[in-house]
Amino acid sequence: MNTTSCTYEEAYRRLQDTKSDIRINEEFVNQLALFEAMGCEVDMSSASYKQYRLQKITEKYPELQKLPREVFALDPSSVTQTKEVLYRCRKCRRSLFRAESILNHSLGAGPVAFAHKRLPVLNSSDSAKCTSYFVEPVQWMEESLLGVMDGQLLCPRCHSKLGSFNWYGEQCSCGRWVTPAFQVHKNRVDEVKPFPICGR
């Protein structure tokens, strides 16, 4: 896959042609699927790669203490000027995370995914919508995340509730299960785009 950029299925078929009783470890199959999704090269900035890395954290550090520093994204408030899109607390305007920290996921089944809760489906034409951003952990979250499996995410400046986290995962409003989940509600933050100032 690395040298010829072939798909996992093609690579597996080639192996079976050589050795028919070949079996591949399921975890390695997951890694190969991720590798294929990244275009057969390791892209550490990929949302899929970041999500996979976070899933492995709970296996390697079950007590969630002394996590490696690289687990946490840079706190955007520590940078004076940036050309990146930032997300700020709606109440106090503190910068919380960058657009590249958002871990996008495919949409879930929508209201059908919540049938087990016996919630009334208001309109079957309603499309699945995400009402939260799922992000990678940011440096300001570190104190809240260490040693606990789940809890609230509070703004580090004004302490208003932004969302929640759960290392075992949470269900998005669209119905998709995200693991682990660091969920910030969209109605608690504002997107701030850089404004280019043209010289005269």
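All values below come from the heavy atoms of this structure, side chains included, with hydrogens, waters and symmetry mates left out.
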Task: Heavy-atom pair with the smallest gap, counting every atom of Gly163 and His185 - done: CA-CD2, 3.6 Å

Open item on the list: Regarding Arg53 and Glu70, does a basic nitrogen lie under 4.0 Å from an acidic carboxylate oxygen?
Closed with: no

Open item on the list: Just checking Lys186: does its NZ atom have more than 12 heavy atoms from other residues, nucleotides or ligands closer to it than 6.0 angstrom?
Closed with: yes

- [ ] In sequence, state the C-alpha distance, the side-chain angles, and the governing distance for Tyr49 and Asp43, and then conclude on side chain to side chain contact (heavy atoms under 4.5 Å, CB included).
- [x] CA-CA 7 Å; Tyr49 178 82; Asp43 178 6; 5.9 Å; no

Open item on the list: Any non-hydrogen side-chain atom of Gln183 less than 4.5 Å from a side-chain atom of Asn166?
Closed with: no

TODO: Might you confirm whether atom CD of Glu143 has over 12 heavy atoms from other residues, nucleotides or ligands at distances under 6.0 Å?
DONE: no

- [ ] Look up atom CD1 in Ile102 and atom SG in Cys130, then write down how far apart they are to the nearest 0.5 Å.
- [x] 11.0 Å

Open item on the list: In the structure I gave you, are the side-chain heavy atoms of Pro137 and Val71 within less than 4.5 Å of one another anywhere?
Closed with: yes

Open item on the list: Pair Ser173, Ser132 - check side chain to side chain contact (heavy atoms under 4.5 Å, CB included), show working.
Closed with: CA-CA 8 Å; Ser173 59; Ser132 297; 5.8 Å; no

Task: pair Ile22-Tyr12: side-chain heavy atoms closer than 4.5 Å - done: yes

Task: Linked, directly or transitively: Phe97 and Phe134 (ILVMFWY side chains, under 4.5 Å) - done: no

Task: Value rounded to 0.5 Å, distance of CZ in Arg188 from CG in Leu153 - done: 11.5 Å

Open item on the list: Would you say the ring centers of Tyr87 and Tyr133 fall short of 6.0 Å from each other?
Closed with: yes

Task: Whether Gln139 side chain and Leu74 backbone form a donor-acceptor pair below 3.5 Å - done: no

TODO: State yes or no: do Trp167 and Val178 share one hydrophobic cluster built from I, L, V, M, F, W and Y residues joined by side-chain heavy-atom distances below 4.5 Å, directly or via other members?
DONE: no

Task: Between Gln152 and Ser164: side-chain donor-acceptor atoms closer than 3.5 Å - done: no

- [ ] Evaluate the side-chain proximity of Glu84 to Pro194: yes if any heavy-atom separation is below 4.5 Å, no if none is.
- [x] no

Task: Note: Arg90-Glu191 ion pair, threshold 4.0 Å (strictly below) - done: no

TODO: Check whether any side-chain heavy atom of Cys172 lies under 4.5 Å from a side-chain heavy atom of His105, and answer yes or no.
DONE: yes

Open item on the list: Count I, L, V, M, F, W, Y as connected when their side-chain heavy atoms are under 4.5 Å apart, and connections chain through other members. Are Leu96 and Val85 then in the same cluster?
Closed with: yes

Task: Minimum-distance pair of heavy atoms, taken over all atoms of Arg98 and Leu86 - done: CG-CD2, 3.6 Å

Task: side chain to side chain contact (heavy atoms under 4.5 Å, CB included) assessment of Glu27 paired with Lys56 - done: CA-CA 11 Å; Glu27 179 57 31; Lys56 296 289 130 199; 3.3 Å; yes

TODO: Spell out, as yes or no, whether a donor-acceptor pair under 3.5 Å connects the side chain of Arg94 to the backbone of Arg88.
DONE: no

Task: Interatomic spacing from SG in Cys89 to NZ in Lys161 - rounded to 0.5 Å - done: 14.0 Å

TODO: Report yes or no: do Leu162 and Leu154 belong to one cluster of Ile/Leu/Val/Met/Phe/Trp/Tyr joined by side chain heavy-atom distances under 4.5 Å?
DONE: no

Task: Donor-acceptor pair, side chain of Ser101 and main chain of Glu136, under 3.5 angstrom - done: no

TODO: Specify the closest pair of heavy atoms between Arg157 and Cys92, including all atoms of both residues, with the distance to one decimal.
DONE: NH1-O, 3.1 Å

Open item on the list: To the closest 0.5 Å, what do you measure between CG (Asn104) and CZ (Arg176)?
Closed with: 12.5 Å

Open item on the list: For Arg13, is there an ion pair with Glu10 - N to carboxylate O distance below 4.0 angstrom?
Closed with: no

Task: Pair Lys19 + Asp21, salt bridge at N-O below 4.0 Å - done: yes

- [ ] Measure from NZ or CZ of Lys66 to the centre of the six-membered ring of Tyr61 and say whether it is under 6.0 Å with the direction within 45° of the ring axis.
- [x] no

Task: Euclidean distance, Glu9 CD relative to Leu32 CG, rounded to 0.5 Å - done: 10.5 Å

- [ ] Using distance alone, with no hydrogens and no angle criterion, decide if Thr7 and Glu36 have a side-chain donor and acceptor under 3.5 Å apart.
- [x] no

Task: Minimum-distance pair of heavy atoms, taken over all atoms of Val42 and Phe35 - done: N-CE1, 4.0 Å

- [ ] Taking all heavy atoms of Thr179 and all of Gly169, pick out the closest pair and write down the distance.
- [x] OG1-CA, 3.7 Å

- [ ] In sequence, state the C-alpha distance, the side-chain angles, and the governing distance for Leu145 and Phe165, and then conclude on side chain to side chain contact (heavy atoms under 4.5 Å, CB included).
- [x] CA-CA 8 Å; Leu145 302 181; Phe165 72 92; 3.4 Å; yes

TODO: Please tell me if the side chains of Tyr8 and Met1 come closer than 4.5 Å, counting only heavy atoms from C-beta onward.
DONE: yes

Task: Pairwise side-chain contact, Leu54 with Phe182, heavy-atom cut-off 4.5 Å (strictly under) - done: yes

Open item on the list: In the structure I gave you, are the side-chain heavy atoms of Leu67 and Ile57 within less than 4.5 Å of one another anywhere?
Closed with: yes

Task: ILVMFWY cluster, Val148 and Phe72 together (side-chain gap under 4.5 Å) - done: yes

Open item on the list: Nearest 0.5 Å, please: how far is CG in Leu34 from CD in Gln51?
Closed with: 10.5 Å

Task: Non-hydrogen atoms of Gln65 and Gly147 that approach each other most closely - done: NE2-CA, 3.2 Å

